[in-house]
Peer 1: 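Please read through the structure below; I'll follow up with questions.
Since the structure is predicted, the reported quantities are computational estimates derived from the model, not experimental observations.
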Amino acid sequence: MPEVIFNGPAGRLEGRYQPGKKKNAPIAIVLHPHPQFGGTMNNQIVYQLFYMFQQRGFTTLRFNFRSIGRSQGAFDHGTGELSDAAAALDWIQGLHPDSKSCWVAGYSFGAWIGMQLLMRRPEIEGFMSIAPQPNIYDFAFLAPCPSSGLIIHGDADRVAPEKDVQGLVEKLKTQKGIMITQKTMPGANHFFNGMVDELVDECADYLDRRLNGELVPEPAPKRIR
């Protein structure tokens with residue numbers, strides 16, 4: 001797993017990168033939790049999601065947002081971090097121009113950034129949003145949400161209460177042409193203490209089902225003229 005340094009909007013960004021074996025392998029980017037609360041690309045959930053995608057043949061990247069590790073720049077309350085994520089996707093797409101599709105997975109703060117990246121980049125065909133925080137961050141930009149994906153959280157999460165996540169899910173489920181899959185893990189807190197393996201298994205099951213052509217949204221009804 002090569003260590004990489006690539007240019008971001010505020011200076012160099014540090015990442016870990018693993019190319020897929022096939023020339024046209026899909027791309028996956030994994031985004032870490034809040035930089036000012038200990039979040040890094042080496043977070044255990046981020047690390048395991050990286051390998052989950054890699055084991056399924058994806059070209060995979062995780063990286064440190066600005067100000068973390070060897071990444072340059074200062075924390076920018078989400079605006080700059082979204083630009084970092086876009087730069088990371090540009091960088092890996094430049095290396096793999098034959099990759100036609102992309103997935104983004106984000107945990108906590110990274111889930112918020114990932115969903116914003118989803119709105120900007122039509123090539124992102126799937127997402128995993130792990131313990132998103134709609135009680136803290138504004139998700140109103142998802143109008144409409146362009147891709148199907150997984151929202152997974154714990155019912156013992158005090159950082160992002162279940163009722164707030166449920167509200168976000170219900171809003172997204174009203175949209176036509178996509179399918180939002182929700183998984184609530186009993187007993188899991190925001191950090192999935194003691195349950196990281198179970199979390200990653202749930203994410204892997206969802207990805208496998210998507211790759212097998214399952215979880216396809218119902219086509220919109222045709223209008224009768």
Peer 1: Ignoring hydrogens, what is the shortest heavy-atom contact between R210 and E125? Give both atom names and the distance.
Peer 2: NH2-O, 2.8 Å
Peer 1: Identify the heavy atoms of Q133 and S108 that sit nearest to each other, and give their distance.
Peer 2: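 Answer, listing the atom of Q133 first, then S108: OE1-OG, 3.0 Å.
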Peer 1: Do side-chain atoms of T181 reach the backbone of L150 as a donor and acceptor pair under 3.5 angstrom?
Peer 2: no
Peer 1: Is there a donor-acceptor pair under 3.5 Å between the side chain of H32 and the backbone N or O of F65?
Peer 2: yes
Peer 1: Can you check whether R12's main-chain N or O pairs, donor with acceptor, with Q72's side chain at less than 3.5 Å?
Peer 2: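 Indeed, once roles are kept as given, a pair shorter than 3.5 Å links the two residues.
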Peer 1: Is the distance between the ring centroids of F75 and H34 under 6.0 Å?
Peer 2: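 Between H34 and F75, the centre distance is under 6.0 Å.
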Peer 1: Establish, yes or no, whether a centroid distance under 6.0 Å links the rings of Y51 and F53.
Peer 2: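 Here the rings of F53 and Y51 have centres that are no less than 6.0 Å from each other.
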Peer 1: Testing the 3.5 Å rule here: is there a donor-acceptor pair between the side chains of S99 and Q93?
Peer 2: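 Not at all, the side chains of S99 and Q93 share no donor-acceptor pair under 3.5 Å.
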Peer 1: Would you say E81 and R66 make side-chain contact, with heavy atoms under 4.5 Å?
Peer 2: yes
Peer 1: If you define the side chain from C-beta out and look only at heavy atoms, does anything of F109 sit under 4.5 Å from Q36?
Peer 2: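 Side-chain contact under 4.5 Å: no.
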Peer 1: If we ignore angles and hydrogens, is there a donor and acceptor under 3.5 Å between the side chains of Q182 and H153?
Peer 2: yes
Peer 1: If you define the side chain from C-beta out and look only at heavy atoms, does anything of D208 sit under 4.5 Å from R56?
Peer 2: yes
